[in-house]
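One structure is given below, encoded as structure tokens.
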Amino acid sequence: MNILSLTFHSTENAFAQWQEYTENELVNLVENLMDVDQYILSEVENKMIREGNNTNLLLFFSTETLRRDFLESELLNIEERITKKFGTEVMVFSTLLNPKSNTFKKQKAAK
């Protein structure tokens, strides 16, 4: 299991517009990613963040190659779209997660 964590930090000025973008465009964009097996889109609650808001997107890939390919192409496209729409009001941070242990069950292949 290869996981990529994308954190989107929006400033207070862009919060309402970012929420709308997340619910409409970002969800549609993620739903159409071909190499992503599963994803979790979440609002981040954190008592330490006093300015702005964080949204997290966990993307699950079946292989390291698919994750690397995503980083080299799709992520660049996503960042470009967000920068074009929000400028510096929304920043994207990516973190590669390499689980050492987990309790996720493998999906059975559909017949």
Side-chain angles (χ1 to χ4, degrees):
M1 178 184 316
N2 296 278
I3 305 170
L4 177 63
S5 172
L6 299 178
T7 300
F8 304 91
H9 177 78
S10 65
T11 64
E12 290 180 39
N13 295 337
F15 179 73
Q17 187 180 7
W18 174 250
Q19 288 294 96
E20 183 178 326
Y21 182 85
T22 300
E23 292 171 8
N24 298 314
E25 295 179 49
L26 187 60
V27 169
N28 287 334
L29 185 142
V30 173
E31 287 285 334
N32 290 314
L33 293 172
M34 296 185 62
D35 293 333
V36 174
D37 292 335
Q38 294 179 312
Y39 74 90
I40 300 172
L41 180 63
S42 306
E43 287 188 30
V44 177
E45 274 189 51
N46 187 327
K47 293 179 183 178
M48 300 302 290
I49 299 173
R50 301 213 190 291
E51 296 178 8
N53 178 24
N54 282 348
T55 303
N56 186 265
L57 177 60
L58 285 177
L59 301 171
F60 296 83
F61 299 88
S62 59
T63 68
E64 171 63 28
T65 301
L66 291 174
R67 180 173 69 174
R68 185 178 54 246
D69 291 348
F70 178 88
L71 285 166
E72 294 172 356
S73 62
E74 289 297 328
L75 179 58
L76 299 176
N77 293 333
I78 292 169
E79 289 174 329
E80 186 177 301
R81 287 181 189 184
I82 290 173
T83 299
K84 186 175 181 180
K85 185 162 186 87
F86 294 97
T88 59
E89 297 293 318
V90 175
M91 296 171 276
V92 182
F93 302 95
S94 61
T95 305
L96 281 70
L97 303 176
N98 301 307
K100 293 186 179 278
S101 177
N102 69 72
T103 59
F104 284 96
K105 299 194 185 322
K106 294 189 184 269
Q107 290 184 333
K108 294 181 181 178
K111 293 184 179 183

- Message: Are more than 12 heavy atoms, taken from residues, nucleotides or ligands other than Glu20, located less than 6.0 Å from that residue's CD atom?
- Response: no

- Any side-chain hydrogen bond (donor to acceptor under 3.5 Å, both in side chains) involving residues 73-92? Give me the pairs, sequence neighbours left out, ordered by first then second residue. Thr11-Glu89

- Message: For residues Leu4 and Leu57: do they belong to one hydrophobic cluster (side chain heavy atoms under 4.5 Å, members Ile, Leu, Val, Met, Phe, Trp, Tyr)?
- Response: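 Per the 4.5 Å side-chain linkage, Leu4 and Leu57 are co-clustered.
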
- Query: Side-chain heavy atoms under 4.5 angstrom apart, residues restricted to Ile, Leu, Val, Met, Phe, Trp, Tyr: same cluster for Leu33 and Phe60?
  - Reply: no

- Message: With side chain to side chain contact (heavy atoms under 4.5 Å, CB included) as the criterion, how do Val36 and Phe61 come out once you've worked through the C-alpha distance, each side chain's angles and the decisive distance to 0.1 Å?
- Response: CA-CA 5 Å; Val36 174; Phe61 299 88; 3.7 Å; yes

- Query: Atom CD in Gln19, atom CG in Asn24: separation rounded to 0.5 Å?
  - Reply: 11.0 Å

- So how far is it from Arg67 CZ to Leu71 CG, rounded to the nearest 0.5 Å? 7.0 Å

- Query: Of Val30, Asn53, Thr55, which is the lone residue that meets side-chain contact (heavy atoms from CB on, under 4.5 Å) with Thr22?
  - Reply: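 Among Val30, Asn53, Thr55, the one that satisfies the side-chain contact (heavy atoms from CB on, under 4.5 Å) with Thr22 is Thr55.
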
- ring-ring contact (aromatic ring centres under 6.0 Å, His included) partners of residues 20-41, not counting sequence neighbours, each pair once: Trp18-Tyr21, Tyr21-Phe86

- Item | Side chain Asp35, main chain Leu66, donor-acceptor under 3.5 Å | no

- Task: Tell me, with the steps shown, if Thr7 and Thr95 meet side chain to side chain contact (heavy atoms under 4.5 Å, CB included).
- Result: CA-CA 8 Å; Thr7 300; Thr95 305; 5.7 Å; no

- Task: Might you work through the side chain to side chain contact (heavy atoms under 4.5 Å, CB included) test for Leu6 and Phe8, ending with a clear yes or no?
- Result: CA-CA 6 Å; Leu6 299 178; Phe8 304 91; 4.0 Å; yes

- Item | Connected hydrophobic set around Phe15, excluding itself, where side chains approach under 4.5 Å |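 Traced through the cluster, Phe15 reaches no other member.
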
- I would like to know whether Ile78 and Phe70 meet side chain to side chain contact (heavy atoms under 4.5 Å, CB included); could you show each step before the answer? CA-CA 10 Å; Ile78 292 169; Phe70 178 88; 3.9 Å; yes

